[in-house]
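Reading through the structure tokens given below for one structure.
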2 protein chains.
Amino acid sequence: MRTPATPNHLDQTLLALADPTRRAILQRLAAGETRVTELAQPFAMSLNAVSKHIRVLERAKLVRRRREGREHLLSFTPKPMDEAARWMEAQRANWTTRLQALDDLLQEEDRAAAASAPPHPKGRTR
Amino acid sequence: MRTPATPNHLDQTLLALADPTRRAILQRLAAGETRVTELAQPFAMSLNAVSKHIRVLERAKLVRRRREGREHLLSFTPKPMDEAARWMEAQRANWTTRLQALDDLLQEEDRAAAASAPPHPKGRTR
DNA sequence: TTGATATTCAACCCAGAGGTTGAATGATGC
DNA sequence: GCATCATTCAACCTCTGGGTTGAATATCAA
């Protein structure tokens with residue numbers, strides 16, 4: 001199922017985050033700017049593979065690169081993740097308000113039923 | 001770059017979310033249980049394609065299926081998204097505390113500089 | 001039964017993800 | 001200039017993702 005020709009921000013961000021290697025890289029970067037080689041060192045894969053992961057993160061703008069001589073210094077950029085987090089928050093809000101509405105509805109029905117069917121001796125609510 | 005043989009929860013969740021069709025499906029489901037065909041209707045792709053998307057969402061446990069006769073009723077399950085949101089929150093916290101530490105350090109240096117280099121008329125610290 | 005409806009299964013296609021190896025490019029240090 | 005270090009580029013491999021079409025399986029309704 002080919003996703004649209006133009007993947008949007010969220011797509012790229014979430015895709016980039018959907019890999020443990022890349023999440024580990026980000027975690028490392030949260031501790032500060034790091035060189036590519038240094039970043040690659042803990043992983044059981046070629047430097048090239050890590051380099052590719054980095055490119056994915058850059059494409060998602062989760063990582064910025066600053067060249068200094070022959071070294072490339074990577075750093076974390078939080079904005080896209082903030083956006084993703086906001087999407088999730090909105091989604092959750094959407095979901096919970098729906099549940100709330102359902103709940104309200106049920107309570108409403110209960111009250112109506114209580115009002116019409118009498119078993120309702122004066123002071124027994126709560 | 002083949003990611004580990006056993007993708008974990010987060011991987012599956014984020015991967016599932018990294019597609020606009022699937023996000024749209026979830027959005028629709030937040031409004032309540034829906035049949036597969038009904039869910040597929042707004043999309044410009046085959047029913048089969050949507051069916052596959054649904055399977056991806058189920059694999060990530062973002063969607064639950066309830067059979068009722070020949071109809072399959074899908075509903076949203078928020079838990080995995082909560083977990084993903086928590087990961088992001090942790091990541092952001094990590095990041096901001098690092099920035100905070102850096103900030104503190106700089107202020108500390110400023111104060112030290114101010115203390116040694118005299119321009120420091122008695123009552124000027126706020 | 002028989003026919004329609006709801007859904008999946010199976011096979012296939014193509015593009016892209018994740019990995020490898022080997023060579024190219026570009027600073028650095030002598 | 002020359003070897004070395006940091007990094008990417010290029011080509012290749014395999015597996016999966018997203019899509020298609022056509023057939024199979026259940027259920028409903030007559």
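We name chains A, B, ... by the order of the sequence lines, and we start the count at 1 in each one. None of these values were measured; they are calculated from a predicted model.
- Distance from the side chain of B:Leu47 is smallest for C:dT8 among the nucleotides D:dT20, D:dG17, C:dT8.
- Atom CG of B:Asp19 and atom P of D:dT16 are 18 Å apart (whole Å).
- Between B:Leu39 atom CG and C:dA6 atom C1' there is a gap of 13 Å when expressed in whole angstrom units.
- Using a 4.0 Å cut-off between a side-chain N of Lys or Arg and a carboxylate O of Asp or Glu, A:Arg86 and A:Glu89 do not qualify as a salt bridge.
- Below the 3.5 angstrom threshold, one finds no donor paired with an acceptor across the side chain of B:Lys52 and the base of D:dG17.
- Checked for salt-bridge contact, B:Glu38 and B:Arg28 meet the test: a charged N lies under 4.0 Å from a carboxylate O.
- For B:Arg70, there are no side chain to side chain contact (heavy atoms under 4.5 Å, CB included) partners two or more places apart in sequence or in a different chain.
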Can you give me the N/O atom pairs linking the protein to nucleotides 27-30 of chain D at distances under 3.5 Å, or say none if there are none?
residue : atom : partner : partner atom : Å
D:dT27  : O2   : B:Arg70 : NH1          : 3.3

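- Shown here are the side chain to side chain contact (heavy atoms under 4.5 Å, CB included) partners of B:Ala60, two or more places apart in sequence or in another chain: B:Gln12, B:Ala16, B:Leu62.
- When hydrophobic side chains of Ile, Leu, Val, Met, Phe, Trp and Tyr are connected at separations under 4.5 Å, A:Leu15 ends up clustered with B:Leu15.
- Regarding B:Leu74, its CG atom lies at a distance of 15 Å from the P atom of C:dA6, rounded to whole Å.
- For B:Ser51, a side-chain nitrogen or oxygen approaches OP1 or OP2 of C:dT8 to under 4.0 Å.
- OP1 or OP2 of C:dT20 has at least one side-chain nitrogen or oxygen of A:Ser46 nearer than 4.0 Å.
- For A:His53, the listed nucleotide lying nearest its side chain is C:dG19; candidates were C:dA17, D:dT8, C:dG19.
- By the side chain to side chain donor-acceptor pair (under 3.5 Å) test, A:Glu33 is found to be paired with A:Arg66, residues two or more places apart in sequence or in another chain being considered.
- For A:Asn48, taking side-chain heavy atoms from C-beta onward, the closest of the listed nucleotides C:dT8, C:dA17, C:dT21 is C:dT21.
- In this structure, A:Arg59 does not reach the C:dG16 phosphate: none of its side-chain N or O atoms is under 4.0 Å from OP1 or OP2.
- Nearest to the side chain of A:Arg55, among D:dC9, C:dA17, D:dT21, sits D:dC9.
- Residue B:His72 places none of its side-chain N or O atoms closer than 4.0 Å to OP1 or OP2 of C:dA6.
- Here the P atom of nucleotide C:dA6 and the CD1 atom of B:Ile54 are 14 Å apart, to the nearest Å.
- When the side chain to side chain contact (heavy atoms under 4.5 Å, CB included) test is applied to B:Gln91, the partners found at least two apart in sequence or on another chain are A:Leu26, A:Gln27, A:Ala30, A:Phe76, A:Met81, B:Trp87.
- Atom CZ of A:Arg67 and atom C1' of C:dG26 are 10 Å apart (whole Å).
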